Chemist: 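Sharing a structure here in structure tokens format.
Counting starts at 1 for both ligands and their atoms, in listed order. A quick note: this is a predicted structure, and the numbers were derived from the prediction, not measured.
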Amino acid sequence: MEGLNKIAILTSGGDAPGMNSAIRAVVYSATGAGIEVVGILRGYEGLIDWETIPLTRETVRNINNRGGTILYSSRSERFLEKKYQQQAVNHLKRNQIDALVVIGGDGSLRGAIDLKKEGVNVMCIPGTIDRDVCCTEYTIGFDTAANSATEAIDKIRDSSVSHGRCSVVEVMGRKRGYIALWAGMAASADAILLPEKWDGNYEPLLQSLQQHYDEGRKDYLVVVAEGITNAPELAELIRERTGIESRVSVLGYIQRGGNPTAKDRMYGSLMGAYSVELLTKGKVGRIVAIKQDLLVDYKLDEALSIQNNQLDSFQYDLSLRLSE
Ligand code: F6P
């Protein structure tokens with residue numbers, strides 16, 4: 001890209017393990033090409049208020065293993081308003097920022113579309129534990145979250161077996177069930193409830209649970225995606241309808257934190273470096289994605305207009321065959 005001298009980078013929405021690797025790779029790639037990098041703090045909030053730090057190789061040296069994001073994050077209500085978007089654009093212009101790299105989930109990437117409409121050269125990287133950005137097979141943070149959830153569910157199972165109880169575990173994922181599917185299968189849950197497949201009918205679950213106990217087994221593990229219902233409500237329903245003693249665990253933010261897995265560090269690094277490569281080739285208004293395990297890029301607005309609520313059917317069918 002002609003005149004690519006200074007870029008800015010921000011992380012927005014729910015933090016995701018591996019975001020730091022993406023930041024680091026952006027900084028190494030950009031500075032290696034003689035491009036200055038400005039870090040914007042607290043996502044779009046910091047863009048509105050122009051809260052920034054210079055990013056150098058030295059600043060990002062030892063961050064690959066760190067969870068969260070060194071640039072901090074936010075869910076900016078203000079950025080939904082045109083006047084604040086305009087304020088952000090003015091900061092970018094005044095500070096001679098030639099391109100902005102945005103790392104985040106669906107909502108954050110839609111914020112980048114608004115900036116693009118205002119003439120900002122944006123480049124997006126999908127980073128969210130939910131894996132709910134449809135144009136890509138992978139989003140930074142998912143692997144760590146799925147592993148953290150699996151580890152927690154394994155521990156819950158130990159207690160569940162010891163006491164002969166039913167455990168209901170709620171995992172994150174917003175409207176998608178990827179964390180539930182992967183952690184549920186990995187931890188061999190007896191039932192996994194996924195938003196993508198949910199028809200609102202609890203009867204099959206209650207019947208399977210009852211039959212399980214009638215046949216003499218004494219522990220049962222249900223993993224429920226937050227997009228369906230909350231775990232306390234489900235446990236209450238189970239108690240009411242079957243009389244089976246049920247305990248609840250809502251895993252919550254432990255799924256967002258923690259040291260990123262090698263996969264998230266690797267994909268963060270790949271996507272970060274690729275985003276700078278695209279910019280240096282003059283490509284803007286794009287989103288980096290993974291397709292068949294390869295790096296690709298799409299036009300941002302077109303890519304985000306694709307709404308796909310499908311789960312891999314083989315994975316889903318297998319999850320049914322491997323549960324009760
Ligand atoms: O998008 C990541 C995520 O952790 C979702 O799984 C969850 O629904 C949401 O963020 C929680 O958001 P907040 O951090 O605003 O409570």
Side-chain angles (χ1 to χ4, degrees), residues 10-23 41-46 66-80 102-113 124-153 168-184 186-187 192-196 198 223-234 248-261 263-264 267-268 271 287 289 304 307-309 311:
L10 62 81
T11 49
S12 164
D15 56 297
M19 280 181 165
N20 285 332
S21 297
I23 296 167
L41 302 177
R42 299 189 301 110
Y44 290 119
E45 282 293 294
R66 284 168 58 182
T69 157
I70 60 156
L71 293 177
Y72 311 115
S73 193
S74 63
R75 296 194 191 280
S76 176
E77 290 289 323
R78 289 193 296 164
F79 199 70
L80 300 172
V102 173
I103 308 175
D106 194 69
S108 307
L109 303 178
R110 287 182 196 281
I113 293 184
C124 292
I125 298 176
T128 163
I129 64 166
D130 302 333
R131 207 173 135 184
D132 63 349
V133 180
C134 297
C135 65
T136 181
E137 288 165 7
Y138 195 71
T139 59
I140 301 167
F142 170 73
D143 188 57
T144 310
N147 275 291
S148 298
T150 303
E151 201 184 318
I153 297 168
V168 181
V169 185
E170 179 187 317
V171 299
M172 282 185 167
R174 209 176 279 276
K175 292 182 181 150
R176 299 308 306 265
Y178 276 111
I179 298 176
L181 179 67
W182 279 54
I192 306 171
L193 306 188
L194 305 167
E196 292 86 347
W198 185 237
V223 173
V224 59
E226 65 174 354
I228 291 183
T229 185
N230 63 52
E233 266 177 35
L234 180 54
V248 173
S249 303
V250 179
L251 297 191
Y253 296 92
I254 61 164
Q255 294 160 99
R256 287 237 294 254
N259 296 353
T261 59
K263 178 165 178 169
D264 280 322
Y267 278 74
M271 288 188 183
I287 178 166
L304 290 193
Q307 286 305 324
N308 174 358
N309 200 27
L311 279 178

Chemist: I want to check something: taking the side chain as every heavy atom from C-beta on, are L194 and V224 in contact at a cut-off of under 4.5 Å?
Modeler: no
Chemist: R78: what forms a side-chain hydrogen bond (donor to acceptor under 3.5 Å, both in side chains) with it, not counting sequence neighbours?
Modeler: E45, D49
Chemist: Taking Y178 as the fixed residue, which of D130, L311, D132 is the one that meets the side chain to side chain contact (heavy atoms under 4.5 Å, CB included) rule?
Modeler: L311
Chemist: Please find the pair of heavy atoms, one from P195 and one from G227, that lie closest to each other, and give the distance.
Modeler: CG-CA, 4.1 Å
Chemist: Of all residues at least two apart in sequence or in a different chain, which pass the side-chain hydrogen bond (donor to acceptor under 3.5 Å, both in side chains) check with S73?
Modeler: none
Chemist: Not counting sequence neighbours, which residues clear side-chain hydrogen bond (donor to acceptor under 3.5 Å, both in side chains) with Y44? List them please.
Modeler: none
Chemist: Measuring from each atom of ligand 1, which residues have a heavy atom under 4.0 Å away?
Modeler: R75, T128, I129, D130, M172, G173, R174, E226, Y253, R256
